[in-house]
Peer 1: 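Mind having a look at this structure? Questions to follow.
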Amino acid sequence: MTTTSLKLSDDLKKRAVATAEKKGVSPHAFMVQAIEQATTAAERRAGFVSDALAAREQMLSTGKAYDASEVHAYLKARIAGNQPAKPKVSAWQR
């Protein structure tokens with residue numbers, strides 16, 4: 001494990017210490033947890049964006065996509081506990 005030094009504003013440090021105390025953890029543990037959560041969130045978002053860009057490229061290269069209204073109806077039915085048929089991919093125009 002390596003040591004890292006963070007320069008925090010006085011206000012942020014006070015807030016972090018107060019929140020750590022309320023949670024019953026040390027300020028160090030609180031900050032490590034906060035950095036872990038922020039890193040995980042950033043990685044997940046980057047993966048989501050990467051997947052979206054790949055899907056867009058596939059749609060543009062194949063000329064096929066799902067109709068948004070069919071996808072919405074499918075999702076609403078799934079949320080309601082039903083098992084509807086999956087939407088079908090079809091050709092689209094730019």
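Keep in mind the model is a prediction, meaning the values are calculated, not measured. One-based numbering along the sequence shown.
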Peer 1: For the residue pair Lys64 and Ser90, establish whether any side-chain heavy-atom pair is separated by less than 4.5 Å.
Peer 2: no

Peer 1: Looking at Ser50 and Ala46, would you say the former's side chain and the latter's main chain have a donor-acceptor pair under 3.5 Å?
Peer 2: no

Peer 1: Test Leu6 against Ile35 for side chain to side chain contact (heavy atoms under 4.5 Å, CB included), laying out the working first.
Peer 2: CA-CA 11 Å; Leu6 296 174; Ile35 292 169; 4.2 Å; yes

Peer 1: Hey, are Lys23 and Gln33 close enough side-chain-wise for a donor-acceptor pair under 3.5 Å?
Peer 2: yes

Peer 1: For Ala77 and Pro84, work out which heavy atoms get closest and say how close.
Peer 2: CB-CG, 3.6 Å

Peer 1: What distance separates Gln58 CD from Leu53 CG, expressed to the nearest 0.5 Å?
Peer 2: 13.0 Å

Peer 1: Nearest 0.5 Å, please: how far is CG in Leu12 from NZ in Lys7?
Peer 2: 14.5 Å

Peer 1: Check for me, please, whether Val89 and Val71 land in the same ILVMFWY cluster - side-chain distances under 4.5 Å, paths through other members count.
Peer 2: yes

Peer 1: Over all heavy atoms of both residues, which pair between Pro87 and Tyr66 is shortest? Give the atoms and the distance, please.
Peer 2: O-CE2, 3.4 Å

Peer 1: Under 3.5 Å, is there a donor-acceptor pair between the side chain of Thr40 and the main chain of Gln37?
Peer 2: no

Peer 1: Is it the case that Ser69 and Asp67 place a side-chain donor and acceptor less than 3.5 Å from each other?
Peer 2: yes

Peer 1: Does Asp10, at its CG atom, have more than 12 non-hydrogen atoms belonging to other residues, nucleotides or ligands within less than 6.0 Å?
Peer 2: no

Peer 1: Is there a donor-acceptor contact under 3.5 Å linking the side chains of Thr39 and Glu43?
Peer 2: no

Peer 1: Hey, what do you get for CG (Asn82) to OH (Tyr74), rounding to the nearest 0.5 Å?
Peer 2: 11.0 Å

Peer 1: Would you check if Phe30 and Glu21 make a side-chain contact, meaning some heavy-atom pair closer than 4.5 Å?
Peer 2: no

Peer 1: Determine the minimum heavy-atom distance between Met31 and Leu8, stating which atoms define it.
Peer 2: SD-CD1, 3.8 Å

